[in-house]
There are 2 protein chains.
Amino acid sequence: MGLRERKKAGTRAALSWAALRLAAERGLDNVKVEDIAEAAGVSPRTFNNYFSSKGEAIATHHLDRCLRIAEALRERPAEPLWDAITHAVLPQFEPGTAVADQPAPDPAKWTAGVRTVLDEPAVQGELLRAGARAEAEIAAAVADRTGTDPEQDLYPHLVASAVMAAINTAMAHHLRTDPPVPASRLLTDALACIAAGLPAP
Amino acid sequence: MGLRERKKAGTRAALSWAALRLAAERGLDNVKVEDIAEAAGVSPRTFNNYFSSKGEAIATHHLDRCLRIAEALRERPAEPLWDAITHAVLPQFEPGTAVADQPAPDPAKWTAGVRTVLDEPAVQGELLRAGARAEAEIAAAVADRTGTDPEQDLYPHLVASAVMAAINTAMAHHLRTDPPVPASRLLTDALACIAAGLPAP
DNA sequence: ACGCAAATATGCGTGGTGCGCAATTTTATG
DNA sequence: CATAAAATTGCGCACCACGCATATTTGCGT
């Protein structure tokens, strides 16, 4: 990867992290695009060259994570489908994988702030949009693996959609509970339940 | 239902239909809130008393449809869960159930216009948000039926999420195909596939 | 090492939008 | 019919997405 792309990825990351951090501290609409740009050391106009809204900047974290799932799926062509999916999903939600930055002044305040931000309607919408985008990639990966055609068959999209459903449900539950149930347990349960056809309990 | 609520529902319907119709005719961003309000016979300010964006006004149709699914689910407590779900979902997507208004000047132009509108990012986001809202209602219905607790158990949310996944996937495929495959077949296939645990083909 | 072309960042201007506030009209109730 | 509650309306403001023109940085061939 050349200097060009690295700088681009750098400012993108700086912008999205700044957006999340500031929003978690002050609340989403007490943060202006100007503030985020300043925190990332770029011009306000540049922010909109990368993201078209504050919500999108924040949701990028989720998008990247889910795109990594599709990537991981392609690296496990040997296992049975649902085993591969489980093993592709879980590592992306290990604590410490992404938050290993400097935004940890107080872990309690931090998670509370994040929870508040994620309740914001604008952010929720963007998270869903991110999930939809990732779904396409996952569907493509599943299609390759199973020899189905994304244009023709429902199957790959259905699997991808169900996986995202499991993730969203598990994460929603994770945010809802206090003290938080570990995400890994919720995710394995949810995926197993779906792979079992969601039988009535 | 009193006069008050009926008028309220009336203007809400008028606004959302006007929004969809105008957007399908001219394209979403060639329509200003002012135009929609005028077409519905209310003040521009009133539009924002009902919806906070054009996309939300349009997505209301989808939301209402999905809420009716939750309602229908509660009216079928006898059947096995997935039979009830299938029977609750299908009628809401019968052609002619909702479009029986006056917006049918040319069916070809109409569906093409709708397809264009649904490609708009703003609308997609709102559709996803509508799905998420409906999901909560469906989850509640499933929880009642299965004796699970939405606050505590993953199961009802997981089922609701999977149902919405099936609907979204089926509708996306329905819009993608030309000539369109009947939605009913896609929906039954998708729901059956999920109830079977999405086995690799 | 140098220079050219492409990609990227920036500044400015503009139309549109979401929403708070206060006044007015319409509806429900006793 | 009177009074309270709710909905609609008009006004106004702050914010934001985005197009366009310009300056700067990066990649690459020589």
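Any value given below was found using the heavy atoms of this structure, including those in side chains, with hydrogens, waters and symmetry copies removed. Numbers restart at 1 for each chain; the letters A, B, ... are given by sequence-line order, proteins then strands.
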Presence of A/Lys7 side-chain N/O under 4.0 Å of C/dT8 phosphate oxygens OP1/OP2: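 For C/dT8, OP1/OP2 do not have a side-chain N/O of A/Lys7 under 4.0 Å.
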Check salt bridge (charged side-chain N to carboxylate O under 4.0 Å, His left out) between [X] and all other residues, then give those that pass, not counting sequence neighbours.
{"X": "A/Glu75", "result": "none"}
{"X": "A/Arg185", "result": "none"}
{"X": "B/Asp35", "result": "B/Arg26"}

List in chain and number order the residues that pass side chain to side chain contact (heavy atoms under 4.5 Å, CB included) with [X], two or more places apart in sequence or in another chain; answer none if no residue qualifies.
{"X": "B/Ala18", "value": "B/Ile36, B/Ala39"}
{"X": "B/Leu63", "value": "B/Leu67, B/Ala130, B/Arg133, B/Ala134"}
{"X": "B/Val114", "value": "B/Trp110, B/Leu118"}
{"X": "A/Ala132", "value": "B/Leu128"}

Which atom of A/Pro150 lies closest to which atom of A/His157, heavy atoms considered: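 Smallest interatomic distance, heavy atoms only, reads O-NE2, 3.1 Å.
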Closest non-hydrogen atom pair between A/Ala166 and B/Leu158, with its separation: CA-CD1, 4.0 Å
Separation of A/Glu126 CD from A/Arg129 CZ (nearest 0.5 Å): 5.5 Å
Secondary-structure notation, DNA chain C, from Watson-Crick and G-U pairs under 3.5 angstrom (| other strand): ||||||||||||||||||||||||||||||
Using whole Å, what does the distance between atom [atom2] of nucleotide [N] and atom [atom1] of [X] come to?
{"X": "A/Lys54", "N": "D/dC15", "atom1": "NZ", "atom2": "C1'", "value": "8 Å"}
{"X": "A/Lys8", "N": "D/dG27", "atom1": "NZ", "atom2": "P", "value": "12 Å"}
{"X": "B/Glu56", "N": "C/dG16", "atom1": "CD", "atom2": "C1'", "value": "17 Å"}
{"X": "A/Glu120", "N": "C/dG18", "atom1": "CD", "atom2": "C1'", "value": "14 Å"}

Sub-4.0 Å heavy-atom contacts from residues 121-131 of chain B onto DNA chain D, ordered by number: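 The stretch gives none, as no residue of it lies under 4.0 Å from the strand.
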Close approaches to DNA chain C from residues 31-38 of chain A, in residue order (heavy atom, under 4.0 Å):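 Heavy-atom cutoff 4.0 Å gives no residues at all.
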DNA chain C-proximal residues of residues 40-50 of chain A, any heavy atom under 4.0 Å: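 By residue number: A/Val42, A/Ser43, A/Arg45, A/Thr46, A/Asn49, A/Tyr50.
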Listed once per pair and sorted, the salt bridge (charged side-chain N to carboxylate O under 4.0 Å, His left out) pairs that draw on residues 37-60 of chain A, sequence neighbours left out: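 For residues 37-60 of chain A, and leaving out neighbouring residues, there are no salt bridge (charged side-chain N to carboxylate O under 4.0 Å, His left out) pairs at all.
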